[in-house]
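Protein chains get the first letters and strands the later ones, always in sequence-line order, with residue 1 at the start of each. Predicted, not measured: the structure shown is a model, and the values here were computed from it.
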Amino acid sequence: MVDLSKLREIAGEVISRDDVRELIGYRPGTYGFRTRPAFVYEPGEVDQLIYTPACVNNLATYITLEEKLPVPRGQEPDTRKVAVMVKGCDSRALVQQLEEKAYDRERILILGIPCTGVVDMAKVEARFPGILETGEISLEGDKFVLSFDGKSEKVAKEELLAEKCRRCRYPTPLVYDQLLDDEVKRFAEDDYSDIEELEKRSGEEKWAYWEEKFSRCIRCYSCRNVCPMCYCEDCVLDRLRPQWMRRSVDTSENTAFHVARAYHLAGRCIQCGECQRVCPVDIPLMELNRKFYKDVEELFDYEPGTETEAEPLLSTFKVDDSQEYIM
Amino acid sequence: MAEKTNSDFEPNIVAFLCNWCSYAGADLAGTSRIEYPPNVRIIRVMCSGRVNPLFIMNALQQGADGVLISGCYPGDCHYMQGNYYARRRFNLMRNFLEYLGVEPERVRMSWVSASDGIRWKEVIEEVTEGVKTVGPMDKFKRRQLNW
Amino acid sequence: MAVKKLSKEKMGDVLAELGKFRLIAPAKSDEVVIFKEIQDPGEVFLDYGNSTVPPKKMVFPQTETLFRFQVGKPELAEKNVEEEGTTVIFGLRPCDARAMSIVDKLFGWDYDDPYYQKRRELTTLVGMACVEPPSINCFCTSVGGSPFGTEGLDMMLTDLSDDNYLVRALTEKGEKLQETLADYLGDAGDRDEKKAEELASQAEDKIKRSIDPGGIPDKLPQLWEHELWKRVSDSCLGCGICTFLCPTCHCFDIQDEVEETGEGRRARMWDSCMFSEYTVHASGHNPRPTRKERTRNRINHKYSYYPERFDVIACVGCGRCINLCPVNIDILDILEQVVEA
């Protein structure tokens, strides 16, 4: 577990530096067990920072989300660094962004947090409904301890752990300037059994499954906005010339939306699972992204977000790439 | 449904052919008066590497029953590497669409060289037969009628 | 009209009867509760808090054809206003019904929107009182609503927790509907009405979150340059969850969709003021270029501009935005900061 006072001390040091503009971390949410992103600009603000298994957000997305406005005449652009706290999975987003040369490495200061898993907030809220006062989650051994309303309850980690953490390959950040805790060794593996199960279904079953999901989609674009890899200024999903998918919301356009987004993440999605977490209508988006992830690994032996010096997947090829389906 | 080898069903197949090999090969089939099913609508692109996989999705949305991408043999691309990129993209998109329930017979890729009019006929026959077997594409077609 | 009672075992019959109209009620899609057109009364799911997407979608569809046309033949354009057929939205919560009354004002303000108004005219709203607040983040009582509120509803059902619902027709439309259901309804007694009143006052006490919005509409214009807007919007993702799930949000975009054949339609679809391209001008200029301006606009619209024009805050306290914002941006948190600013 991350030592809170150490975390705040390091954060204080970082934000006091002249060359650091802001620090992005986590702070308690506004109700129940939720946490939310914290944006710290002054050393005096670091006391709100926390790190617990409830810190589910991928903060790496804010590096590319921040708007780059034109600089007013006479002013110099602010080139100070942005410091960001990242868990293992989140750090892969930074690695992939650097691999794609989205920005210079010196623009960010990475505070890595080796992670033993976060909770699935939906499971927490189902297990403990109606909690208003700010509660806290911590880990003791193999149990999550949930403290609320003056009492605390222990729940087996298995029951509340987020799905993605059960197959986490990189609990320790792969790129960082400082680590805020001891390294965590890999404790899980991903065998794609969930994808294989879906692959085995008949064509009719597959479409029936996805049609139900896509018909629920309300095109809120939350999946796209939260994704750290979706940072194109002129996103394919928004374009009008040409308009790849119409703005109208129906099964046809929604399918096009999800196919396009998943395809644009092929070889880029770093499996942080945020898209699925944020979807208000519970579309299992990771099942789409993971299909590409599995194929990319099996066909091209490539894993995104692991090496900043690697070549992006679809900018490369091998002469002996699979020809299995080509006549 | 899926078993409609209905001889009434004439599929609409959209084909993206690279200018230098496949299109020339198809043209040769024509000038040689080789007969092949008339169901394919050809769109000429300069290279199979120009084909955005979203074309496949878009064609199926607009009512195509099948989509074919055809380029030069690996190693023979007029632009050196275009078809290699196309191969990677196609592999990924084809698998993904199958995962969603789109019959694999609908999304095809081939290598056809400029001198291979006869092979072009064979490719078209195979693709057309495949699409006929699986029937009209209905899954995520744009539903103008619901306007 | 007399207050009636419906025994739960007769609910199936009532739904079947309502099925003769276009019945819209809560149902499940996997584990998600949505309002949808019901074909089989068995799929209606009433044991729910509130739906993720509000029933505004039924009177203000997410995508709606305004008219069809054939390029080059303007005389053939046909307007697409619904002409007939009764729709019953069954089981919606008081906040969602009140929200419709709030939005009604806009669609009849500077332009009588024929699409929306005709749909509203043809729709009868049958509500389900909130004996328990659907969510910890409900705050309807702070903004002029109530868990047993009847504003906007044509008929109200209250679960008396003894296997019966109290049924009360509230408007002419409601009375007409009640007549069609007469065979399945019994008479309610004084005891039933008393029970309902008891449940109503208990329900108000169960609402845990609150704000006093009294001074907010007047205070907001003074806070235009305040630094709180940057603070509260730093974590915003700029997605459309809060707007699309809000029962009072009503913005839309209009686009033409034309096929190669020349036939096409002009359609409107929901738009969100939180999207970055919402205010992009044809010149490329965007007066709300960052999430700070857009968040400021959203709060001002709901709590300042709308009340200024229509004398009502455009928020019913349903709490969906709080529950589903991926980064826990909390409108009550923002309003508290406004009050303290």
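Between atom CD of residue Glu253(A) and atom CZ of residue Arg143(B) there is a gap of 11.5 Å, rounded to the nearest 0.5 Å. Separating the CE atom in Met327(A) from the CZ atom in Arg108(B) is a distance of 4.5 Å, to the nearest 0.5 Å.
Within the 4.5 Å cutoff, side-chain heavy atoms of Trp111(B) are placed close to those of Gln323(A). Tyr84(B) is not listed as a side-chain neighbour of Asp321(A), based on a closest heavy-atom distance of 4.5 Å or more. Glu98(B) has its side chain out of reach of Glu199(A): every pair of non-hydrogen atoms, C-beta onward, lies at least 4.5 Å apart. Contact of the Asn52(B) side chain with the Trp244(A) side chain is registered, since non-hydrogen atoms from C-beta on lie closer than 4.5 Å.
Judged purely by atom type and a 3.5 angstrom limit, Asn91(B) has no side-chain atom pairing as donor or acceptor with the backbone of Leu299(A). Between the side chain of Tyr99(B) and the main chain of Glu287(A), a donor-acceptor pair closer than 3.5 Å is present. In terms of modelled atom types and a separation under 3.5 Å, the side chain of Arg87(B) and the main chain of Lys318(A) share a donor-acceptor contact. Panel note: side chain Arg88(B), backbone Leu313(A); a donor-acceptor pair is recorded below 3.5 Å.
Only the side chain of Glu126(B) comes within less than 4.5 Å of a heavy atom of chain A; its backbone N, CA, C and O stay farther away. For a residue to count as touching a neighbouring chain, one of its non-hydrogen atoms must lie under 4.5 Å from one of that chain's; by this rule Val102(B) does not touch chain A. Contacts of Asn58(B) with chain A are made by side-chain atoms alone, with heavy-atom separations under 4.5 Å and no backbone atom involved.
Counting non-hydrogen atoms of neighbouring residues, nucleotides and ligands closer than 6.0 angstrom, the CD atom of Glu35(B) reaches no more than 12 such neighbours. For Ile118(B), the CD1 atom counts as loosely surrounded, since its 6.0 Å shell holds 12 or fewer non-hydrogen atoms of other residues, nucleotides or ligands. More than 12 heavy atoms of other residues, nucleotides or ligands shown are found within 6.0 angstrom of CD on Glu196(A). Remark: Tyr23(B) OH is loosely packed, at most 12 non-hydrogen atoms of other residues, nucleotides or ligands lying under 6.0 Å away. Crowding of Glu197(A) atom CD: a count of heavy atoms from other residues, nucleotides or ligands under 6.0 Å exceeding 12. Atom CE of Met46(B) sits in a crowded spot, with more than 12 heavy atoms from other residues, nucleotides or ligands closer than 6.0 Å. Within a 6.0 Å sphere centred on CG of Asp301(A), other residues, nucleotides and ligands contribute 12 heavy atoms or fewer.
Among the candidates Val296(A), Asp250(A), Thr316(A), the residue making the largest number of heavy-atom pairs closer than 4.5 Å to chain B is Thr316(A). Among Leu54(B), Val107(B), Leu100(B), Leu68(B), the residue with the largest count of heavy-atom pairs under 4.5 Å with chain A is Leu100(B).
When all heavy atoms of Ala262(A) and Phe96(B) are compared, the closest pair comes out as CB-CZ, 3.7 Å.
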